[in-house]
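Residue numbering restarts at 1 for every chain, and letters A, B, ... go by the order of the sequence lines.
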Number of protein chains: 2
Amino acid sequence: MSNARRSSAPTLEDVAQIAGVSRALVSLVMRNSPRVSSESRRRVTDAATKLGYRPNLMARNLAARKTMTIGVLLNDLHNPWFAEVTDGIHDAAEGHGYQLILASGRRTPRLESRALDTFLASRVDGIIVAGCRLPAARLDAVATEVAVVSVGRALPKTSVGSVTTDDAFGARLAVEHLYELGHRRIAHIDGGKGAGALPRRSGYLRTMRTLGLSDKAQVVAGDFTEEAGARGAERLFRGQVLPTAIFTANDLSAVGAIDVVERRGLDVPDDISVVGFDNTSLAALNHIGLTTIDQPRYEMGAAAATMLIDAINDRGALSDVSMAPSLIVRRTTARAAKAQQPATRSRQRSSVIRAAPTAPARSPSEAKTS
Amino acid sequence: MSNARRSSAPTLEDVAQIAGVSRALVSLVMRNSPRVSSESRRRVTDAATKLGYRPNLMARNLAARKTMTIGVLLNDLHNPWFAEVTDGIHDAAEGHGYQLILASGRRTPRLESRALDTFLASRVDGIIVAGCRLPAARLDAVATEVAVVSVGRALPKTSVGSVTTDDAFGARLAVEHLYELGHRRIAHIDGGKGAGALPRRSGYLRTMRTLGLSDKAQVVAGDFTEEAGARGAERLFRGQVLPTAIFTANDLSAVGAIDVVERRGLDVPDDISVVGFDNTSLAALNHIGLTTIDQPRYEMGAAAATMLIDAINDRGALSDVSMAPSLIVRRTTARAAKAQQPATRSRQRSSVIRAAPTAPARSPSEAKTS
DNA sequence: GTGAAAGCGCTAACAA
DNA sequence: TTGTTAGCGCTTTCAC
């Protein structure tokens with residue numbers, strides 16, 4: 001560390017001056033227009049580098065009436081799901097010459113709302129909201145001013161486009177998987193008001209009903225965080241009968257729930273099976289080996305960006321696309337024990353034994369770690 | 001999804017017109033200046049809401065010659081360390097009235113560099129780079145145009161301020177902890193060119209030397225990712241003698257290494273102890289229970305933002321601050337086995353047994369999960 | 001307290 | 001191919 005800072009950045013005018021040409025010519029060169037003689041081009045670029053000239057984006061965007069920028073609102077930087085979706089958005093946007101500006105909502109509607117205001121004030125050409133929890137009406141209002149697409153949450157009856165997975169079907173896959181393993185008492189720790197939480201919850205309930213398990217269905221409140229998963233599991237332990245399986249609204253919650261189960265001296269999956277949702281990198285960690293429902297996160301991000309950019313350029317309308325989820329079986333689910341009720345149920349954290357599945361690894365279809 | 005989009009946003013002029021006042025007055029109201037009569041204020045705000053007026057940030061910033069925005073370059077959205085640092089930056093910046101615009105470098109110097117260019121072109125008032133891998137010279141050049149502070153990596157002899165932890169000391173804590181548990185053959189999977197990787201590596205080497213363990217020191221190349229941790233561990237397994245302990249450059253790598261160790265049929269910590277670095281939320285997951293070196297991530301982010309903002313407003317100079325790391329003992333480290341060489345060393349992934357520490361939990365100082 | 005006028009740095013017709 | 005001329009929407013003196 002030491003010091004030095006510029007006084008005032010050079011402008012187009014400065015460059016034009018020392019290159020001995022007009023401002024318009026410099027402008028053309030900066031946007032590398034083909035209709036410039038190579039001689040002029042050289043003189044301009046020379047002058048520019050000599051001055052350390054850098055076009056002022058604000059001035060450019062103000063004059064051009066577009067920004068070639070898309071604002072991306074991420075609900076929770078702590079959840080790897082968002083990183084993975086963002087990669088997809090990034091690559092697709094870059095391919096079309098668009099820049100990204102990211103904002104973090106920190107799972108707080110107030111901050112999400114403010115971030116949207118900033119995007120609008122910055123006149124971004126389009127907005128992608130990922131896992132956004134804001135009311136549909138709010139998003140629809142934003143969509144009045146600029147094209148918006150939502151990832152991870154459908155917004156029917158609004159002008160907001162969406163790319164989601166079929167959450168209800170994903171929930172069904174999870175429940176059916178557990179059912180086939182012999183589980184009946186299957187609980188669900190939900191995602192509260194989070195994006196996609198509702199269809200996952202109703203998908204769970206519907207499937208339980210279809211399987212004739214309505215009386216055994218049990219939903220506890222969560223919010224897509226690890227802490228919520230832990231709290232949810234604690235809640236289950238406080239109940240009369242313990243479930244033999246837990247289906248959580250996302251991977252983060254699943255990890256929280258597993259911790260609690262093991263802390264209670266029970267084993268996953270021998271005593272209680274757990275299925276997550278998302279198939280984030282977290283689930284894929286071999287050390288966690290979470291059975292979960294895969295969402296094609298990267299592809300979802302890419303699809304959202306492509307749809308948005310097409311809409312911006314009037315090459316297509318916003319729509320609602322739903323991608324197929326799939327079951328990824330790893331090591332947190334196993335055949336239900338004979339006894340409906342797990343054997344041990346010590347309260348204190350006796351030495352925690354995490355054994356491998358007794359059965360040989362069931363189709364360890366380790367999907368791409370993204 | 002359906003449709004509708006605005007034609008052209010209302011401007012200050014429009015508002016002034018229908019409020020029956022001058023543009024300047026509207027401007028004052030928008031920036032809520034105190035020298036406006038409440039009557040005028042009311043008329044203006046009424047007109048503004050009626051029109052759905054929203055100040056154009058580009059125009060404002062262009063005219064005001066400042067943006068009240070700080071650009072934050074995050075090296076890797078997939079690593080929770082960045083989310084945690086960002087929270088600190090966010091809160092501190094907000095407290096001073098600054099906005100954030102985030103950019104993801106995706107662990108790619110080319111993208112990091114481009115993001116910096118965008119920040120400069122956008123005329124942000126200051127820049128924070130977190131875990132940035134760009135050459136010091138490049139960052140120093142940027143620092144010529146705007147105040148820059150780096151989190152997680154010191155940049156001596158440049159104009160870039162920095163907030164780091166004492167990485168070398170952290171490495172020493174890790175090695176000494178292992179030494180006290182009886183380990184001698186302690187390997188290090190490093191962070192390559194990553195931020196902070198160098199001091200961690202040299203801290204490791206120096207401590208090994210101090211402990212008279214130079215001949216047993218072994219460094220394998222990594223890059224702060226889980227994959228690199230796994231590759232590094234594989235490399236160790238290919239060696240003549242296996243270490244009894246591994247110190248990795250960060251938590252992500254530690255998790256990768258642990259996976260490989262267990263895949264090889266060995267136990268962590270009974271056969272091989274592992275220590276990470278960062279104490280991210282990942283390490284704190286009970287299910288992982290990684291012994292690691294804590295960095296006060298939130299505080300580092302906040303300190304960086306505060307330092308930057310002070311510098312922007314000439315209330316202080318950029319400097320290099322280093323925060324103290326600390327050892328967090330969880331469950332991936334244990335007393336070294338009697339035999340120098342671990343017993344089993346099966347090649348195939350025999351049933352993986354993950355046992356709890358045989359010794360009762362050693363000071364489970366679960367630091368704040370941030 | 002309010003208005004008029006002059007830019008901020010650039011793009012976009014249109015002329016030449 | 002290059003230069004001229006208007007703005008883009010806002011802030012900021014500086015009068016009144």
Side-chain angles (χ1 to χ4, degrees), chain A residues 6-45 47-48 51-69 97 118 120-125 145, chain B residues 6-45 47-48 51-69 118 120-125 145-146:
Chain A
R6 72 134 179 273
S7 46
S8 183
T11 73
L12 236 200
E13 178 90 61
D14 299 333
V15 178
Q17 202 118 80
I18 95 154
V21 297
S22 74
R23 296 159 55 202
L25 223 203
V26 179
S27 176
L28 288 177
V29 173
M30 292 324 289
R31 290 174 287 152
N32 44 68
S33 151
R35 8 165 9 85
V36 175
S37 69
S38 48
E39 166 59 8
S40 310
R41 161 160 285 119
R42 201 187 47 65
R43 292 176 57 186
V44 169
T45 48
L51 285 169
Y53 170 73
R54 190 186 302 281
N56 181 322
L57 264 192
M58 295 178 294
R60 163 176 296 181
N61 292 338
L62 184 59
R65 251 78 71 59
K66 66 177 177 173
T67 58
M68 289 305 281
T69 295
T118 302
L120 291 177
S122 305
R123 303 294 192 266
V124 294
D125 291 343
E145 307 192 33
Chain B
R6 73 134 179 274
S7 47
S8 181
T11 74
L12 237 199
E13 177 90 61
D14 300 332
V15 177
Q17 202 118 78
I18 95 154
V21 298
S22 75
R23 297 160 56 205
L25 222 204
V26 179
S27 176
L28 287 177
V29 173
M30 292 325 288
R31 290 173 287 150
N32 43 71
S33 152
R35 12 181 351 85
V36 175
S37 69
S38 48
E39 165 59 8
S40 311
R41 160 160 287 118
R42 201 187 48 65
R43 292 176 59 184
V44 170
T45 48
L51 284 169
Y53 169 72
R54 191 187 300 284
N56 182 322
L57 264 192
M58 294 179 294
R60 164 176 295 181
N61 293 338
L62 184 59
R65 251 76 72 57
K66 67 175 176 174
T67 59
M68 291 304 282
T69 295
T118 302
L120 291 176
S122 305
R123 301 294 192 267
V124 294
D125 291 342
E145 308 192 34
V146 69

B:T11 side chain to B:E13 backbone, donor-acceptor under 3.5 Å
yes
Send over the distance from B:Q17 CD to D:dC10 C1', rounded to a whole Å.
16 Å
Taking only the side-chain nitrogens and oxygens of B:R31, find out if one of them lies under 4.0 Å from OP1 or OP2 of D:dT12.
yes
Atom CZ of A:R41 and atom C1' of D:dT2: how far apart are they, to the nearest Å?
13 Å
Measure from CZ on B:R35 to C1' on D:dA15 and round the result to the nearest Å.
14 Å
Closest to the A:Y53 side chain, choosing from C:dC8, D:dT12, C:dC10
C:dC10
May I ask you to verify if any side-chain N or O of B:T11 is less than 4.0 angstrom from the OP1 or OP2 atom of D:dC8?
no
Output the single nucleotide from D:dG3, C:dT2, D:dT1 whose closest atom is nearest the side chain of A:V21.
D:dG3
Between A:R41 (side chain only) and A:N32 (backbone N and O only), is there a donor and an acceptor less than 3.5 Å apart?
no
Given C:dT2, is OP1 or OP2 found less than 4.0 Å from the side-chain N or O atoms of B:S37?
yes
For B:R60 and C:dG9, give me the distance from atom CZ to atom P, rounded to whole Å.
18 Å
Both A:K66 and A:L62 contact DNA chain C. Which one's nearest nucleotide lies toward the 5' end?
A:L62
Taking for each residue the nucleotide of DNA chain C bearing the nearest heavy atom, is the 5' side occupied by A:L57 or by B:R23?
B:R23
How long is the line joining CG of A:N61 and P of C:dC8, in whole Å?
19 Å
Any side-chain donor paired with an acceptor under 3.5 Å for A:R42 and A:S38?
no
Test side chain to side chain donor-acceptor pair (under 3.5 Å) applied to B:D125 and B:N61, B:T67, B:T69, the passing residue:
B:T67
State, yes or no, whether a side-chain contact exists between A:V44 and A:V15 at a heavy-atom distance under 4.5 Å.
yes
Output the single nucleotide from C:dG9, C:dG7, D:dT1 whose closest atom is nearest the side chain of B:A63.
C:dG7
Students often get this wrong, so: under 4.0 angstrom with heavy atoms, is A:L12 touching a base, only sugar-phosphate, or nothing?
base
Could you state the CZ-P distance from B:R43 to C:dT2, rounded to the nearest angstrom?
9 Å
Nearest-neighbour nucleotide for the B:L25 side chain, C:dG9, C:dT2, C:dT11 considered
C:dT2
Round to the nearest Å and state the distance from A:L28 atom CG to D:dG3 atom P.
10 Å
Examine D:dT11: is either OP1 or OP2 under 4.0 Å from a nitrogen or oxygen in the side chain of B:S27? Give yes or no.
yes
The side chain of A:N56 is closest to which nucleotide in this list: D:dT12, C:dG9, D:dT2?
C:dG9
Using a 4.0 Å heavy-atom cut-off, does B:A24 contact any base of the nucleic acid, only the sugar-phosphate backbone, or nothing at all?
base
Return no unless some side-chain N or O of A:S40 is found under 4.0 Å from OP1 or OP2 of D:dT2.
yes
Could you tell me how far apart A:D14 (CG) and C:dG9 (C1') are, to the nearest whole angstrom?
10 Å
Closest non-hydrogen atom pair, A:A9 against B:R123:
CB-NH2, 4.0 Å
